[in-house]
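For reference, the structure is listed below as structure tokens.
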Amino acid sequence: MNLQITREKNQSGQDQVNKWLYEYNLARFPKDLGARYEEVSLFVKDAQNEVHGGLLGEICWNWLEIHVLILDEEIRQSGYGSKLMKEAEKIARAKSCDFIKVDTLSFQAREFYEKLGYEVFGTLKNVGRDHEHYYLKKDLI
């Protein structure tokens with residue numbers, strides 16, 4: 001077989017690779033957790049339906065993983081970040097998740113997450129040469 005490695009933007013290729021990983025993992029997880037995948041997208045919007053922030057994540061088996069949490073500069077420190085996190089936690093509990101995980105850089109929001117009950121379980125040093133990358137988790141059970 002003559003194979004080659006390519007670097008390209010290829011949505012169908014990405015979908016296939018993700019499908020293979022999902023099927024591989026699915027065969028090894030407990031059956032009751034099998035069909036538990038759901039994207040979670042929460043937004044902060046104004047009266048004109050314009051987005052001013054949001055939270056993007058996914059429920060996968062028995063956890064919710066938050067990939068993105070961001071707010072417009074002008075509404076930071078106004079409580080919307082905490083509200084988004086509380087809504088995500090509410091969704092995770094309703095979906096019987098055991099924990100939520102999130103990662104952040106040292107110049108971002110570690111203290112914010114810790115105030116909400118998240119604990120650091122891992123750290124990568126020398127990220128961007130001057131920063132740390134923190135991995136946090138909050139148990140729900």
Side-chain angles (χ1 to χ4, degrees), residues 2-141:
N2 185 16
L3 302 174
Q4 62 183 347
I5 295 174
T6 65
R7 180 180 178 188
E8 60 186 272
K9 190 168 186 153
N10 180 333
Q11 188 61 52
S12 66
Q14 288 176 271
D15 292 344
Q16 182 62 53
V17 169
N18 281 325
K19 181 178 181 271
W20 287 333
L21 179 61
Y22 178 79
E23 290 171 351
Y24 178 86
N25 290 344
L26 185 62
R28 287 149 183 84
F29 268 82
K31 297 297 179 211
D32 64 319
L33 298 178
R36 294 178 42 111
Y37 177 83
E38 179 182 337
E39 290 183 8
V40 175
S41 302
L42 302 171
F43 300 100
V44 177
K45 292 182 168 187
D46 63 21
Q48 290 73 39
N49 212 28
E50 185 176 330
V51 174
H52 292 273
L55 180 151
L56 307 176
E58 61 188 350
I59 293 171
C60 189
W61 290 296
N62 62 324
W63 71 85
L64 168 62
E65 183 164 355
I66 297 169
H67 298 296
V68 176
L69 173 65
I70 189 77
L71 296 170
D72 284 345
E73 288 281 342
E74 60 270 6
I75 66 166
R76 291 184 188 165
Q77 305 296 320
S78 62
Y80 286 103
S82 295
K83 289 176 185 176
L84 285 168
M85 292 297 292
K86 287 177 184 170
E87 184 63 24
E89 186 174 324
K90 186 172 139 185
I91 292 166
R93 288 183 188 281
K95 296 292 184 172
S96 302
C97 291
D98 295 334
F99 62 93
I100 300 174
K101 63 181 181 170
V102 64
D103 63 279
T104 191
L105 296 169
S106 54
F107 59 86
Q108 292 176 328
R110 177 183 172 181
E111 294 81 16
F112 167 78
Y113 294 117
E114 289 176 327
K115 286 179 186 175
L116 296 174
Y118 288 76
E119 296 179 359
V120 173
F121 69 87
T123 304
L124 290 175
K125 298 198 181 290
N126 199 28
V127 175
R129 295 195 184 103
D130 297 327
H131 304 288
E132 284 78 42
H133 193 152
Y134 299 106
Y135 297 87
L136 298 99
K137 174 184 170 191
K138 181 176 184 178
D139 290 320
L140 300 177
I141 56 170

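Throughout, residue positions are numbered sequentially from 1 according to the sequence presented. Note that these values count all heavy atoms, side chains included, but never hydrogens, waters or copies made by symmetry.
Taking all atoms of both residues into account, the shortest heavy-atom contact from L84 to L55 is O-CD1, 3.9 Å. Residue I141 comes nearest to C97 through the heavy atom pair CG2-O, 4.4 Å, listed as atom of the first residue, atom of the second, then distance.
S106 OG to H131 NE2: the interatomic distance, rounded to the nearest 0.5 Å, is 5.5 Å. Rounding to the nearest 0.5 Å places CD of Q77 at 9.5 Å from CG of L71. In this structure, CD1 in I66 is found 11.5 Å from NZ in K101, a value given to the nearest 0.5 Å. Distance check, rounded to the nearest 0.5 Å: CG of N10 to CD of Q16 gives 10.5 Å. Atom NZ of K137 sits about 11.5 Å away from atom CD1 of I100, to the nearest 0.5 Å. Expressed to the nearest 0.5 Å, how far CG of L69 lies from CE of M85 amounts to 6.5 Å.
Screening E119, E89, E114 for a salt bridge (Lys or Arg N to Asp or Glu O under 4.0 Å) involving K138 leaves a single residue, E89. Screening Y113, F99, F112 against Y118 for a side-chain contact (heavy atoms from CB on, under 4.5 Å) leaves a single residue, Y113.
Counted within 6.0 Å of CZ on R28, heavy atoms from surrounding residues, nucleotides or ligands total more than 12; the atom is thus considered enclosed. Other residues, nucleotides and ligands contribute at most 12 non-hydrogen atoms within 6.0 Å of the OH atom of Y24. Counting heavy-atom neighbours within 6.0 Å of E8 CD, excluding the residue itself, gives a total above 12. Atom OH of Y135 is surrounded by more than 12 heavy atoms from other residues, nucleotides or ligands within 6.0 Å.
At distances below 3.5 Å, not a single donor-acceptor pair connects side-chain atoms of D72 with backbone N or O atoms of E74. For the pair R110 (side chain) and T104 (backbone), a donor-acceptor distance under 3.5 Å is absent.
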task = Decide yes or no on side chain to side chain donor-acceptor pair (under 3.5 Å) for D15 and Q11, but give the supporting numbers first.
result = CA-CA 6 Å; D15 292 344; Q11 188 61 52; 2.8 Å; yes
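Y22 does not carry K19 over the face of its six-membered ring by the limits of under 6.0 Å from the centre and within 45° of the normal.
The shortest distance between side-chain heavy atoms of L64 and V40 falls below 4.5 Å. Within the 4.5 Å cutoff, no side-chain heavy atoms of L140 are placed close to those of D98.
Relative ring orientation between W63 and W61 is described as tilted, the plane-to-plane angle lying within the 30° to 60° band.
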